[in-house]
Amino acid sequence: MSELHHLSATELARLIRARQVSAVEVVQAHLDRIEQVNPHVNAIVTLVAEQALDAAEAADAREPDGPLHGLPVAHKDLVDTAGIRTTYGSPLFAHHVPDEDALIVRRLRAAGAITVGKTNTPEFGTGSHTVNEVFGATRNPYDPSKSAGGSSGGAAVALATGMVPLADGSDMGGSLRNPASFCNVVGLRPTPGRVPEISDTNAWYTLGVSGPMARTVEDVTLMFGAIAGFDRRSPYAIKEAFAPEPEEGVAGLRVAWSPDLGGLPVDPRTAEVTATAPPVFERLGARVEQVELDLEGADDAFRTYRAWNYALSFDDIDGLGPNTAWNVEQGRKVTGADLARAERARSRLYQRMAAFFDTYDVLIAPVSQVPPFPIEQRYVDEINGERLPDYLSWMRSAYWISVLHAPAASVPAGFTSDGLPVGVQIVGRPFEDARVLRVARAFEQATGHGLRRPPL
């Protein structure tokens, strides 16, 4: 039983349902793992051990009543949890305790999951490097001198090290996909509306989404089934229920391969690893074609809408950290003409990609343009000798995809020569989340990269 933390969520759920292990045993095994590992990586920043054990005892006292019955889960520290400290990674909210749960928390609990704590994130999820003034930095478990990525870095590290089998993440410009890539786990950015976002200030904003993270595609699919679903408080929530596709592999599928998403600089170490993905799909029977991708307008559209959203969300808050404050300042400069230009660019891009996906079933590409970088570095400022103008630019490979209104998964693709994880990004047609997960599962099973655990 001391090795329960190594098991997948799917296997743990089966064992609990069969009464071969108890929820208390499972939760305690993960709490023990947190005590052992978390001091070295700083992934879980608020722990509710007693509450989790009480919930596990209650779970054992009743018949299994949900697909996640008895499974430990950690929530990103951006997500409101009733009665549990939620800081948003900001000193301004260092002692904040919400009165209500966010929708994703309620759905996970309704599915039987048990909250064990909150995972680290940069202030308000700003940036793809998990560090803040409240809790400090989260370290990469494969090399603690390196970044875990972000902004769902705490979630990715908690998963990679076996502290939890499931964790929620969020993704605007790669905040879920990037740490999954950096930490050798799986993350899904769903089609906007699959997991509804409830807001009374930016209800129509579609760039930011919540999604599942786990160590395997099967576990991501299990969790996704619990959190996806319609809610009328979101104006673009999808009514169609999510249903996984049969595991029929990828034979016959048309796979587009873009090594640089249309000319982006990519670190040679990342490029070397991601270049191994197309031959895998070919061996599995897919028809793979390298493409010259045209994502013109994606950068302007993303930056304009992102800046506008930051001003909308945080303009009246004083004392913000430098990254968040910079984004708010950019948002204050956005004009109606800027939004009109961004909307035209995004609309044209959507139609081009709709035509693209008439030819191809999925697109594969690098998740991030670089492997994990030194933890002391605020952000990547140069790739292949190309100087980058700001802290956003090194994540264009992820945030250009965010503009497409499409589902995208990060799946382990291998390791650099010095042992750093690299993920491959699998992008599907809008609303075809199940197809993306099917392709990701086939790649995962064919390669086994996700089985390589960190040395901690």
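Worth saying up front: this structure is predicted, and the values here are computed from it rather than measured.
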**OP:** Would you check, one step at a time, whether the test ring pair (Phe, Tyr, Trp, His ring centres under 6.0 Å) holds for Y142 with F182?
**Re:** CA-CA 9 Å; Y142 289 88; F182 274 22; over 10 Å; no

Given [X], which of [options] fulfils the side-chain contact (heavy atoms from CB on, under 4.5 Å) condition?
| X | options | value |
| --- | --- | --- |
| S181 | S410, P366, S397, P372 | S410 |
| Y88 | D77, D80, V134, T121 | D80 |
| M395 | S175, S128, S402 | S128 |

If you count the non-hydrogen atoms of other residues, nucleotides and ligands that lie under 6.0 Å from [atom1] in [X], is the total more than 12?
| X | atom1 | answer |
| --- | --- | --- |
| Q377 | CD | yes |
| E133 | CD | no |
| Q290 | CD | yes |

**OP:** Determine, step by step, whether Q28 and D32 satisfy the side-chain hydrogen bond (donor to acceptor under 3.5 Å, both in side chains) criterion, reporting the C-alpha distance in whole Å, the side-chain angles of both residues, the deciding distance to 0.1 Å, and the verdict.
**Re:** CA-CA 6 Å; Q28 187 62 63; D32 291 344; 2.9 Å; yes

Between [X] and [Y], does at least one N-O distance fall below 4.0 Å, as a salt bridge requires?
| X | Y | value |
| --- | --- | --- |
| R14 | E11 | yes |
| R254 | D361 | yes |
| E386 | R396 | yes |
| E432 | R438 | no |
| D168 | K76 | no |
| R435 | E245 | yes |
| R441 | E247 | yes |
| R215 | D219 | no |

Original post:
Does T87 reach the main-chain N or O of A94 with its side chain, forming a donor-acceptor pair under 3.5 Å?
Top reply: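 Absent.
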
Original post:
Under 3.5 Å, is there a donor-acceptor pair between the side chain of R177 and the main chain of A398?
Top reply: yes

**OP:** Output, in order, the C-alpha distance, side-chain angles, deciding distance and verdict of side-chain hydrogen bond (donor to acceptor under 3.5 Å, both in side chains) for H75 and T81.
**Re:** CA-CA 8 Å; H75 306 294; T81 41; over 6 Å; no

Subject >> Separation between OG of S258 and CG of L363, rounded to the nearest 0.5 Å >> reply: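 Reported to 0.5 Å precision, the distance equals 6.0 Å.
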
**OP:** Quick one: pull up CZ in R106 and CG in D231 and give me the separation to the nearest 0.5 Å.
**Re:** 7.5 Å

Original post:
After noting the C-alpha distance and the side-chain angles of D433 and T191, does the key distance pass the side-chain hydrogen bond (donor to acceptor under 3.5 Å, both in side chains) rule?
Top reply: CA-CA 7 Å; D433 308 68; T191 300; 3.0 Å; yes

Original post:
Do the two ring centres, one from Y391 and one from W326, sit under 6.0 Å apart?
Top reply: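 Centroid separation for Y391 and W326: below 6.0 Å.
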
Original post:
When the ring centroid of Y305 is compared with that of Y205, is the distance short of 6.0 Å?
Top reply: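 Between Y305 and Y205, the centre distance exceeds or equals 6.0 Å.
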
Listing, residues 449-456 side-chain donor-acceptor contacts under 3.5 Å, not counting sequence neighbours, or none:
unit_1, atom_1, unit_2, atom_2, d
H449, NE2, A413, O, 3.2
R453, NE, A160, O, 3.3
R453, NH1, G450, O, 2.6

Original post:
Hey, mind stepping through R303 and D390 against salt bridge (charged side-chain N to carboxylate O under 4.0 Å, His left out) and telling me if it holds?
Top reply: CA-CA 12 Å; R303 285 173 174 264; D390 53 47; 2.9 Å; yes

